[in-house]
Amino acid sequence: MLEITSPLRLRLSHDTLISNWRWLAAQADGAACGAAVKANGYGLGARDVMLRLAGVGCRHFFVATWAEAAALLPLPYGCELSVLHGLGPDDMGPASAIAARPVLASPEQIQRWKAMGAGRPCDIMVDTGMNRLGLRVEQVAQGAADGLHIVNCLSHLSSADEDLDVSAAQLAAFQTVTRLVKAQRYSLANSAGLCLGTEYQFDLMRPGIALYGGIVHPRMAGNIGQVVVPEARILQLRTVDVGETVGYGCTWTASRETRVAVVNLGYADGYLRCHGGNGAGMLNGMLVPTIGRVSMDLLAFDVSDVGDVAEGDWISLSYDLAEQAEKTGLSQYELLTVLGQRFLRIWE
Ligand SMILES: *Cc1c(COP(=O)(O)O)cnc(C)c1O
């Protein structure tokens, strides 16, 4: 059989994913710890993430859409899946066929769900101030969620990693919601939210970014580890003379004779142009800076200071999420979810 290898790979650390989940779970005073695996597990591969976390006891998973839910089937034994975008006009077919619950967010969605048959278990989203998805607290107070069999009653924090006053107001609103709505579990906290205190944790926490190495609360530093390391292979080595330039726009000029390594990686893979000038990688234990602009599928590194380099060698990109976010202006979420399909995802 023809075997085609990829010159691009994401090295994914099973042990770090697990230790991140365990650390997050250990912040709880009784609350269960689930996992947000939407957007293909933040780019890592949703099914792989789910199976690995299920293996250590994670039971509650969250995706955005029914297509994402379908891609996770069959669910591991004892696991539950919630579809955050709820029940749109075209979702009734998938919702009756797929073993996942919609997170109902509007009176229209609730009506659709009731039309599919009484008493089926569902989740609901109540908006406590973000004004994104969810029923208003007043709608819930007026009985909008009456007659539903609610497993998880959710709300979502808008500023858990940014603004304590906003979070406190949302917490107070959600405490009201817990008195208005009868549900098996209440759930408010994402990654940053669960670090705000046990009062934010209710019955079920829903971390996403921190599972995958994002640092979104000071307490995570040193406890949450990097899961994803992108690596690219050297396609060509060349020597560039003083005064010559590298790449589109001639933005980089050699000030010394420079050994340049060109790798298979570009903005089409999610290594966006904002990394140019800030990026770096590791080669044979040495830090090597990127030079020039990032092309669609190519990127150059200055490897002058590294001995013993050959075409075919792999460069590991510096991809500490907090650090790269700081340097590029991208969020830690963007840094993961843009990583493209040309990467071979290798768990180790
Ligand atoms: C994405 C998402 C989460 C996870 O958020 P993180 O900030 O990645 O931890 C939790 N709940 C909802 C509703 C989400 O959309």
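What's counted below: heavy atoms across the whole structure, side chains too, no hydrogens, waters or symmetry copies. Counting starts at 1 for both ligands and their atoms, following the listed order.
Looking at atom 7 (O) of ligand 1, its nearest protein heavy atom turns out to be Tyr333 OH, 2.6 Å. In terms of protein heavy-atom proximity, atom 9 (O) of ligand 1 is nearest to Ser191 OG, 2.5 Å. Of the protein's non-hydrogen atoms, the one nearest atom 8 (O) of ligand 1 is Tyr42 OH, 2.5 Å.
For ligand 1, the atoms sitting less than 4.0 Å from at least one non-hydrogen atom of Pro207 are 9 (O), numbered in the order shown with element in parentheses.
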Check step by step if side chain to side chain donor-acceptor pair (under 3.5 Å) holds for His60 and Arg206.
CA-CA 8 Å; His60 309 275; Arg206 313 183 304 266; over 6 Å; no
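Counted within 6.0 Å of CZ on Arg47, heavy atoms from surrounding residues, nucleotides or ligands total more than 12; the atom is thus considered enclosed.
You'll find the ring centres of Phe202 and Phe174 inside the 6.0 Å limit.
Checking only distances, Ala210 never comes within under 3.5 Å of ligand 1, N or O to N or O.
Atom 11 (N) of ligand 1 has its nearest heavy-atom neighbour, among Arg206, Lys38, Arg132, in Arg206. For atom 5 (O) of ligand 1, the candidate residues are Leu154, Leu84, Asn190, Leu336; the nearest heavy-atom contact is made by Asn190.
Between Glu231 and Arg11 there is a salt bridge, since a side-chain N of the basic residue sits under 4.0 Å from a carboxylate O of the acidic one.
Counting heavy atoms from C-beta outward, Cys33 and Cys58 have side chains that stay 4.5 Å or more apart.
There is a side-chain donor-acceptor pair under 3.5 Å between Ser82 and Asp123.
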